[in-house]
Amino acid sequence: MYEPELEGHFEDLGKQKHAVRLGMWIFLASELLFFTALFTLYAYYRTRHPAIFHEAVPHNPILLGTLNTVILIGGSTCIALAVNLLRRGRSRAAAWLTVAAAGVGLAFLVVKAIEYGIHFDEGIYPGGRGHFFAEHPEDGWPIFFTLYFAMTGLHAIHVAVGAVLLGWLAWWQLRRKVGPEGAYRLEMGALYWHFVDTVWIFLWPMFYLMGKH
Amino acid sequence: MPDSVEASISTAKVLGVGLLLLALVALSLVLSFVPLGGWSIPLALGIAAVKCAIVGAVYMELWEAHASIRLIFVVGAGYVVVLVLLASVDVATRAPPPMLPPVEARP
């Protein structure tokens with residue numbers, strides 16, 4: 001059975017787990033600031049080119065974007081369930097729910113790849129390249145789509161990392177006997193996954209909803 | 001259960017929150033097709049903020065978290081709001097640049 005080891009500089013396991021949790025939250029806050037720079041750019045350029053951003057949003061496939069939102073919320077629910085089941089000692093169920101959450105991440109990336117393929121077919125490439133921008137010469141168009149590729153691309157990299165992390169945590173749970181004492185480790189992976197979900201919760205309306213339909 | 005293991009949330013509550021989040025997704029989607037004029041952006045972002053708050057409070061357990069962890073969340077979220085608001089207000093309130101008369105080159 002997995003038993004966390006008490007490090008020498010902590011008085012007890014409770015304090016050690018609090019330090020682990022605090023460290024994870026500080027990391028998530030730094031990741032949030034990473035995205036904030038891009039959110040700020042979006043706010044700046046949306047205010048500068050409101051009509052073009054409004055026209056550009058419907059060029060993103062709303063059904064695929066919504067499907068990805070549902071997928072990620074499903075993944076968050078799976079991993080939240082997994083953490084709570086592990087705390088109650090139901091380790092096998094928790095392990096398979098972790099596998100499901102990792103699978104959800106991979107499904108998200110597949111849908112994202114299909115979506116990028118649709119854009120490439122329409123002549124929309126990052127950096128304002130492609131025949132679409134010859135037909136739409138105003139400045140706002142390449143700015144919108146460069147922001148779209150930068151923000152969703154960075155988010156997709158985070159989803160990929162999260163899927164690998166959850167896959168490793170699932171493997172760890174299936175390989176070893178993990179009881180309630182090991183739940184805090186899974187909780188750290190879950191925190192990262194929920195963070196990735198909350199970023200997409202904002203990206204979805206910004207790039208798929210806030211436009212002319 | 002040992003003292004160092006955190007209390008768990010019931011399965012029903014986790015699933016209920018998941019369904020609530022999906023209901024809010026459906027609401028956002030439906031409202032995006034309704035012509036709401038100037039309200040469409042604040043509503044879309046407002047619903048997103050509510051979903052974020054639910055994920056943060058329940059799934060990320062901020063509701064029961066230590067004050068130090070809640071402080072990190074508040075500071076991080078605060079920076080996002082400040083930066084995004086200031087960037088938008090800056091652009092929205094800029095006057096067009098003045099057209100200066102051309103300066104003659106010295107011989």
Side-chain angles (χ1 to χ4, degrees), chain A residues 4 12-14 16-18 21-22 25-26 28-30 32-33 35-37 39-48 62 66 69-70 73-74 76-81 83-89 179-181 183-184 187 190-191 194-195 197-198 201-202 204-206 208-211 213, chain B residues 1-11 13-15 17-19 21-22 24-26 28-29 31-35 40-41 43-45 47-49 51-52 55-56 58-62 65-66 68-73 75-77 79-80 83-92 94:
Chain A
D12 56 55
L13 218 50
Q16 179 170 302
K17 286 181 180 178
H18 173 68
R21 206 169 272 121
L22 195 69
W25 272 100
I26 290 172
L28 293 181
S30 73
L32 180 62
L33 289 180
F35 278 98
T36 298
F39 282 123
T40 307
L41 271 181
Y42 179 96
Y44 175 86
Y45 282 115
R46 179 132 200 167
T47 315
R48 265 193 85 158
I62 192 170
T66 307
T69 309
V70 169
I73 286 173
S76 266
T77 306
C78 281
I79 198 67
L81 263 175
V83 169
N84 283 285
L85 285 174
L86 189 55
R87 284 178 184 158
R88 298 202 287 270
E181 282 285 359
Y184 83 102
E187 187 193 329
L191 278 177
H194 295 314
F195 167 76
D197 188 17
T198 55
I201 280 172
F202 278 97
W204 178 57
M206 282 160 58
Y208 298 89
L209 301 187
M210 289 167 17
H213 289 290
Chain B
M1 198 161 62
D3 285 342
S4 60
V5 177
E6 298 73 18
S8 62
I9 314 170
S10 72
T11 300
K13 188 171 178 184
V14 173
L15 289 174
V17 166
L19 286 172
L21 290 170
L22 290 176
L24 288 170
V25 166
S28 280
L29 183 63
L31 286 178
S32 73
F33 288 94
V34 176
S40 60
I41 292 177
L43 259 177
L45 293 177
I47 295 173
K51 282 187 278 185
C52 229
V55 170
V58 183
Y59 285 175
M60 297 174 92
E61 296 172 354
L62 274 173
H66 194 270
S68 54
I69 288 169
R70 285 195 224 172
L71 182 64
I72 291 166
F73 168 76
V75 169
Y79 269 115
V80 177
L83 277 167
V84 168
L85 263 179
L86 287 182
S88 308
V89 167
D90 175 7
V91 177
R94 271 185 206 175

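Please read these numbers as outputs of a predicted model, since none were measured by experiment. We name chains A, B, ... by the order of the sequence lines, and we start the count at 1 in each one.
Listed for the B/Tyr59 side chain is no donor-acceptor partner under 3.5 Å among the backbone atoms of A/Leu81. Distance alone, capped at 3.5 Å, places no donor-acceptor pair between the A/Arg87 side chain and the A/Tyr184 backbone.
Considering CH2 of A/Trp25 and CD1 of B/Ile72, their distance stands at 8.5 Å, rounded to 0.5 Å.
A/Gln16 does not touch chain B: none of its heavy atoms, backbone or side chain, sits under 4.5 Å away. Of the atoms belonging to A/Ile201, heavy atoms from both backbone and side chain fall under 4.5 Å from chain B. For A/Leu85, the part lying near chain B is the side chain, with the backbone staying farther off; criterion is any non-hydrogen pair under 4.5 Å. Heavy atoms of B/Ala49 lying under 4.5 Å from chain A belong to its backbone as well as its side chain. Using a 4.5 Å cut-off between heavy atoms, B/Val55 touches chain A through its side chain atoms alone. Contact of B/Leu19 with chain A is not made at all, since no heavy-atom distance falls under 4.5 Å. Contact annotation for A/Thr198: both backbone and side-chain heavy atoms come within less than 4.5 Å of a heavy atom of chain B. Of the two parts of A/Leu28, only the side chain, counted from C-beta on, holds a non-hydrogen atom closer than 4.5 Å to a non-hydrogen atom of chain B.
A heavy-atom distance below 4.5 Å is found between the side chains of A/Met210 and B/Leu45. The closest side-chain heavy-atom distance from A/Phe195 to A/Phe35 is below 4.5 Å. In this structure the side chain of A/His194 reaches within 4.5 angstrom of the side chain of A/Ile79, judged on heavy atoms.
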Notebook entry, point to check: Between A/Glu187 and A/Lys17, does a side-chain contact (heavy atoms from CB on, under 4.5 Å) hold up when you go through it step by step?
Noted result: CA-CA 11 Å; A/Glu187 187 193 329; A/Lys17 286 181 180 178; over 6 Å; no
Next item on the list: Decide yes or no on side-chain contact (heavy atoms from CB on, under 4.5 Å) for B/Tyr79 and B/Val75, but give the supporting numbers first.
Entry: CA-CA 6 Å; B/Tyr79 269 115; B/Val75 169; 3.7 Å; yes
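Comparing A/Asn84, A/Thr77, A/Leu22, A/Thr69 by heavy-atom pairs within less than 4.5 Å of chain B, the highest count is held by A/Asn84. Among B/Val58, B/Val89, B/Val25, the residue with the largest count of heavy-atom pairs under 4.5 Å with chain A is B/Val25. Highest contact tally toward chain A, considering only B/Ser28, B/Ser88, B/Ala44, is held by B/Ser88 [criterion: heavy-atom pairs under 4.5 Å]. With chain A as the partner, the residue from B/Ile69, B/Leu29, B/Leu31, B/Leu83 showing the most heavy-atom pairs under 4.5 Å is B/Ile69. Highest contact tally toward chain B, considering only A/Ser76, A/Ala37, A/Ala29, is held by A/Ser76 [criterion: heavy-atom pairs under 4.5 Å].
Between B/His66 and A/His18, the two ring planes are tilted [angle within 30° to 60°].
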